[in-house]
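Given the structure is predicted, the values throughout are model-derived calculations rather than measurements. Note that these values count all heavy atoms, side chains included, but never hydrogens, waters or copies made by symmetry. For ligands, and for the atoms within them, numbers begin at 1 and follow the listed sequence.
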Amino acid sequence: MSDYDFDLFVIGAGSGGVRASRVAAAHGAKVAVAEEYRVGGTCVIRGCVPKKLLIYGAHFAEDLKDARRFGWNVPDCDFEWKVLRDNVLADVDRLEGLYKNTLSSHKVELISERATITGPHSVKLSSGREVSAKYILIATGAWPALPEIEGAEHGITSNEAFHLEDAPKRIIIVGGGYIANEFAGIFNEFGSHVTIVNRSATLLRGYDEQIRDRLMQISTMKGIVFRFNAKMERIEKNEDGTLCMHFSNGDPIPCDTIMFATGRQPHVEGLGLESAGVELDDKGAIKVDDYSRTSCESIYAVGDVTNRLQLTPVAIREGHAFADTVFGDNPRTVDYDCVPSAVFSHPPLAGVGLTEAQAKNKLGTVKVYTSDFRPMKNVLAGREERALYKMVVDATTNRVVGLHMIGPDAPEILQAAAIAVKAGLTKQQFDDTVALHPSMAEELVLLK
Ligand code: NDP
């Protein structure tokens with residue numbers, strides 16, 4: 001008999017927490033997971049999943065327009081935000097149900113309460129119940145970080161964007177990262193006038209420069225307005241409910257909605273970390289070793305709360321590796337090398353490995369191959385948008401060290417190509433593969 005109520009107590013039922021709970025339980029552990037809001041976490045409830053469904057919804061605006069060039073008699077169409085919103089939210093409910101089923105079928109006890117750590121092996125729930133566990137896993141994710149400006153409370157974040165009463169007529173999106181560019185594309189397709197307000201002149205830091213430039217060029221062509229190097233001063237709310245953003249270096253911008261997409265902070269507030277000696281790094285993330293163990297021996301942390309790579313599949317891997325290590329007698333770490341990522345902008349972009357600049361820094365001499373083309377479908381549709389694929393090759397070994405692309409279906413294509421980059425294949429091996437014609441992906445084996 002164990003001296004503890006549970007072998008594992010997980011705080012947070014998001015992607016990382018649910019995976020860890022399920023795998024630990026499958027290894028025979030007695031597991032409980034506490035969740036103060038909804039099962040599924042950011043990805044399922046207010047992130048990747050509903051966002052991707054909105055992206056699909058948004059794309060119809062272009063598809064319906066293009067369809068006429070392909071011979072379809074499409075009458076003038078209206079878009080009803082509420083229909084899409086409610087269908088998306090219903091699908092989120094369905095997925096939450098599936099996540100709950102997974103937990104119960106693995107005999108994981110779901111406790112719908114807030115949990116606070118009170119010691120290395122103890123947790124207190126908001127109902128007052130106290131439980132003990134041999135191990136505690138913190139998987140509380142991250143939460144939107146808002147800049148400190150007067151009137152910030154009048155803005156929303158992506159959390160609220162899924163619940164809006166209407167698609168805004170005019171929206172300012174603050175930030176130039178993932179969420180800003182994805183939602184700019186979504187609302188622009190729904191007919192909103194979108195202005196991206198960014199503190200620097202750089203969008204999507206970390207992505208390849210040419211690819212980012214192409215996104216900005218296409219976004220501008222589609223009507224998205226950019227205000228760079230903006231110094232926000234305050235947000236004013238007018239009597240009619242409209243808003244106005246004031247700057248210390250430019251004209252004010254009136255709008256109906258302001259959305260902050262200014263990064264996400266590890267969600268550690270009020271967790272009681274100090275009671276167990278769990279340390280944070282200088283960015284406020286929980287410090288962990290390669291096995292996700294914190295500075296307290298019995299407490300681990302995975303996912304966005306550790307701020308390693310704020311991506312769902314990474315959190316899932318960390319949760320799985322943790323459970324295998326601690327309960328499966330199979331110590332393993334997560335490999336963060338060559339993790340592919342994508343921005344579901346309009347059009348989407350995706351990348352894996354080193355950008356050209358990173359490769360030059362790291363390797364010295366590199367060869368770069370690009371294909372700048374107008375996808376067949378865009379040509380017939382009369383759409384000017386060009387796709388750009390870029391391959392970065394180590395000039396000494398001929399190994400492909402980076403692939404970057406923007407264009408229709410870029411994330412779908414890149415996921416497959418990322419296997420080759422991860423496997424360390426050479427440019428010659430790409431070239432040796434016969435093209436699949438006609439496709440956009442064939443450009444990858446035809447780069448000159
Ligand atoms: P990002 O880190 O991608 O971008 C944050 C943006 O906000 C940057 O442009 C940053 O500027 C700016 N910024 C940060 N702080 C301030 C401030 N105080 N005032 C003004 N601007 C500021 O964050 P997101 O919020 O877009 O997304 C959060 C995370 O969620 C992402 O990092 C990503 O890991 C994940 N995510 C992944 C998605 C995907 O995989 N497709 C989709 C959505 C989110 P600067 O560059 O100057 O720092």
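- With respect to atom 6 (C) of ligand 1, the closest heavy atom belonging to the protein is Ala261 O, 3.6 Å.
- Inspection of the Arg264 and Ser158 side chains reveals no N or O donor paired with an N or O acceptor under 3.5 Å.
- Nearest-residue assignment for atom 20 (C) of ligand 1 (options Arg205, Arg199, Glu182, Gln265; heavy-atom criterion): Arg199.
- Within ligand 1, counting atoms from 1 as listed, the ones closer than 4.0 Å to a heavy atom of Gly176 are 6 (C), 8 (C), 9 (O).
- Counting heavy atoms closer than 4.0 Å to ligand 1, residue Leu203 contributes nothing at all.
- Ionic pairing of Lys52 and Asp91 is not present here: no N-O contact between side-chain nitrogen and carboxylate oxygen is shorter than 4.0 angstrom.
- In this structure, a donor-acceptor pair under 3.5 Å is present between the side chains of Asn238 and Thr242.
- Checked for salt-bridge contact, Arg214 and Glu385 miss the test: no charged N lies under 4.0 Å from a carboxylate O.
- Heavy-atom contacts of Lys51 reach the following atoms of ligand 1: 41 (N), 42 (C) (cutoff under 4.0 Å).
- Polar contact check, Ala342 against ligand 1: a nitrogen or oxygen pair lies under 3.5 Å apart.
- Here's the thing with Ile179: one of its N/O atoms is less than 3.5 angstrom from an N/O atom of ligand 1.
- Atoms of ligand 1 found under 4.0 Å from any heavy atom of Arg264 (numbered from 1 in listed order, with element): 28 (C), 29 (C), 30 (O).
- Remark: the Tyr336 side chain and the Glu318 side chain contain an N/O donor-acceptor pair separated by less than 3.5 Å.
- With respect to atom 34 (O) of ligand 1, the closest heavy atom belonging to the protein is Gln310 O, 2.8 Å.
- The shortest separation from a heavy atom of Ser341 to ligand 1 is not under 4.0 Å, leaving the residue out of contact.
- In this structure, atom 4 (O) of ligand 1 lies nearest to the protein heavy atom Gly177 CA, 3.3 Å.
- Using a 4.0 Å cut-off between heavy atoms, Asn198 contacts ligand 1 through its side chain alone, with no backbone atom that close.
- Aromatic ring centres of Phe327 and Tyr135: separated by under 6.0 Å.
- Comment: Arg386 engages Asp372 in a salt bridge, judged by a side-chain N to carboxylate O separation of less than 4.0 angstrom.
- The nearest heavy-atom contact from the protein to atom 7 (O) of ligand 1 is Thr262 CA, 3.2 Å.
- In terms of polar-atom proximity, Gly263 is counted as a contact of ligand 1, with an N or O under 3.5 Å from an N or O of the ligand.
- Near Leu311, with a cut-off below 4.0 Å to any heavy atom, the atoms of ligand 1 are 40 (O).
- Side chain to side chain, Arg293 and Tyr300 meet the donor-acceptor criterion of an N or O pair below 3.5 Å.
- Ion pairing between Arg170 and Asp256 holds under the 4.0 Å rule for side-chain N and carboxylate O.
- Glu165 and Arg85 are joined by a salt bridge, as a carboxylate oxygen and a charged side-chain nitrogen come within less than 4.0 angstrom of each other.
- For Asp324 and Arg332, the salt-bridge test passes: some basic side-chain N is under 4.0 Å from an acidic carboxylate O.
- With hydrogens left out, the protein atom closest to atom 3 (O) of ligand 1 is Tyr178 N, 3.1 Å, a heavy atom.
- In terms of protein heavy-atom proximity, atom 19 (N) of ligand 1 is nearest to Pro147 CB, 3.7 Å.
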